[in-house]
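All remarks here apply to the structure that follows.
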Number of protein chains: 2
Amino acid sequence: MDDVKRATGLPATVVFRLGTLGSLAGERFAEKIEAYDLKLKHAGMMTALSLGPAISQQDLAAKMGVAPSLVVSLADHLEALGAIQRVRDPQDRRRQVLTLTEHGRELLGKCAAAARALDEEFTAALTPDQISALQQALGILTAQAGLP
Amino acid sequence: MDDVKRATGLPATVVFRLGTLGSLAGERFAEKIEAYDLKLKHAGMMTALSLGPAISQQDLAAKMGVAPSLVVSLADHLEALGAIQRVRDPQDRRRQVLTLTEHGRELLGKCAAAARALDEEFTAALTPDQISALQQALGILTAQAGLP
DNA sequence: CCATTATCATTCAGAGTCTGAACGATTCAG
DNA sequence: CTGAATCGTTCAGACTCTGAATGATAATGG
C-alpha cells in the first residue's frame with residue numbers, strides 16, 4: 001500500500017499510451033489519405049459500410065457513435081466523390097440507404113494500403129513475435145469494445 | 001501478389017486499431033478527469049511538467065506539439081486551479097517558467113489513478129501474459145515515437 | 001551606446017469539427 | 001383520419017486549435 005511513495009506513472013498506463021499513440025497514428029494516417037480528399041471519419045464511414053449490408057444514415061450514425069447530422073455531411077462528401085450511393089428505401093421512403101460503390105471500395109483499398117505502410121513504420125522497432133502479440137492484444141481489446 | 005483478392009483489411013491494421021482504441025481510451029479518460037475540472041491536454045501538460053525540470057511555455061509548446069497560444073490558455077486554467085506556478089525567469093524576463101505545484105502533483109496522481117482503473121477495465125479480457133506483452137510493445141512504440 | 005532584429009507571452013479573429021434544436025416529409029398507431 | 005414518432009436535412013452555435021498581430025524584453029552589431 002505504498003501508493004504515496006510510488007510515482008504517478010500516468011505515462012506508464014496502457015490507456016495513456018493508447019491515447020497518445022492513437023492520436024499520433026490518426027494524424028499520420030490523416031495526412032496520407034488527404035491525397036484522396038478523405039478525412040479520418042470518411043475512412044471510418046467507408047469501413048463501416050464495407051463491413052455490413054446497406055444501412056440507413058440513422059443506423060450508421062449509431063454505429064459510428066456520431067450525430068446523424070454529421071453523417072449527412074460526411075455522406076455528402078463521399079457521394080460527391082462517387083464513393084457511396086444514396087438510395088431511398090422503397091419500403092420506407094424517409095430512409096436513405098447507403099452503399100459503397102466500386103470506386104468506394106477502391107478508395108478504401110488505398111486507405112488500407114496507406115495504413116499497412118504506416119504499420120511498417122510504426123512496428124519497425126518490434127520483433128515479429130512482438131508484432132503478433134501486439135496485433136492479438138489489440139484485436140481482443142477491439143472486439144471487447146465492440147469496435148470494427 | 002493476390003492483393004486484388006484480399007480484403008482491404010483496414011480494420012486489421014495496427015494503425016487503425018491504435019486510432020480507434022486510442023480515441024475510445026481518450027474519451028473515457030476525459031470523462032473521468034472531468035471531475036477534477038481537467039481536459040485531456042491539461043493532463044498532458046501536467047505530465048510533461050512532471051517529467052522534466054521547470055520549462056518555458058515556448059519549450060513546453062514544442063514538447064507538446066502544440067501552438068504556444070494554446071499553452072497560454074491551458075496554463076491559465078491550471079494556474080487558476082493552483083496546479084502550476086508561473087514565474088518570470090530572472091535571467092530572461094520574457095519567459096514564464098512553469099512548475100508543477102504540490103497540488104498539481106496530487107491532481108496528476110488522481111489522473112494516474114483514474115487511468116489505472118480504466119486500464120483494468122480495458123485489459124479485463126487479456127491474460128497477464130498478454131497484458132505484459134501489450135505493455136512492452138506499447139512502451140517500445142512510445143519510445144520510438146519520442147512520446148512521454 | 002544605440003538601433004535593429006529576434007524571441008517570449010499574450011490576445012484575438014477565424015478555421016475546422018461536431019452537436020442539438022429546429023423543420024418538412026413520411027410512416028406508424030389507434 | 002388524426003396525432004405521435006422517425007428519418008434526413010439545415011443551421012446556429014459550442015468547442016478546440018491555429019496563426020497573425022502586439023507589447024515587452026533580450027541579443028546583436030555597428
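Within every chain, numbering begins at 1; the chains are lettered A, B, ... in the order of the sequence lines, protein sequences first and strands thereafter.
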Nearest listed nucleotide, side chain of [X], among [options]:
X        : options                  : value
Leu70(B) : dT25(D), dC7(D), dC17(D) : dC17(D)
Ala67(A) : dT9(D), dT19(C), dT18(D) : dT19(C)
Arg95(B) : dC8(C), dA26(D), dT17(C) : dC8(C)
Val72(A) : dT10(D), dA9(C), dT17(C) : dT10(D)
Val66(A) : dT19(C), dT9(D), dG19(D) : dT19(C)

Considering just the side-chain nitrogens and oxygens of [X], establish if one lies under 4.0 Å of OP1 or OP2 belonging to [N].
X        : N       : result
Arg94(B) : dA26(D) : no
Arg86(A) : dT9(D)  : yes
Gln91(A) : dT27(C) : no
Gln96(B) : dC8(C)  : no
Lys41(B) : dT16(D) : no
Gln58(A) : dG8(D)  : yes

Upstream residue (5' side of DNA chain D) when Ala75(A) and Pro68(B) are each assigned their closest nucleotide: Ala75(A)

Atom [atom1] of [X] and atom [atom2] of [Y]: how far apart are they, to the nearest 0.5 Å?
X         : Y         : atom1 : atom2 : answer
Ile55(B)  : Leu49(B)  : CD1   : CG    : 7.0 Å
Leu78(A)  : Ile84(A)  : CG    : CD1   : 5.0 Å
Met64(A)  : Leu74(A)  : CE    : CG    : 5.5 Å
Leu138(A) : Leu134(B) : CG    : CG    : 6.0 Å

All salt bridge (Lys or Arg N to Asp or Glu O under 4.0 Å) counterparts of Glu31(A), not counting sequence neighbours: none

Sub-4.5 Å side-chain heavy-atom contact between Leu10(B) and Met46(A): no

N/O donor-acceptor pair, side chain Ser56(A) with base dG8(D), under 3.5 angstrom: no

Distance-only donor-acceptor test, Ser69(A) side-chain atoms vs dG8(D) base atoms, 3.5 Å: no

Axis bend over the full length of the helix from dC1(C)-dG30(D) to dG30(C)-dC1(D), computed from five pairs that close each end, to 10 degrees: 10°

Which residue lies more 5' along DNA chain C, comparing Arg93(A) with Gly65(A) via nearest heavy atoms: Gly65(A)

If I take atom [atom1] in residue [X] and atom [atom2] in nucleotide [N], what distance separates them, rounded to the nearest angstrom?
X        : N       : atom1 : atom2 : result
Leu74(A) : dT10(D) : CG    : C1'   : 15 Å
Met64(A) : dC18(C) : CE    : C1'   : 12 Å
Asp76(A) : dT9(D)  : CG    : P     : 7 Å

Stepwise side chain to side chain contact (heavy atoms under 4.5 Å, CB included) test for Asp37(A) and His77(A): CA-CA 9 Å; Asp37(A) 202 6; His77(A) 189 244; 3.4 Å; yes

Pairs satisfying side-chain hydrogen bond (donor to acceptor under 3.5 Å, both in side chains), at least one member in residues 83-93 of chain B, at least two apart: Gln57(B)-Arg86(B), Asp76(B)-Arg86(B), Glu79(B)-Arg86(B), Asp92(B)-Arg94(B)

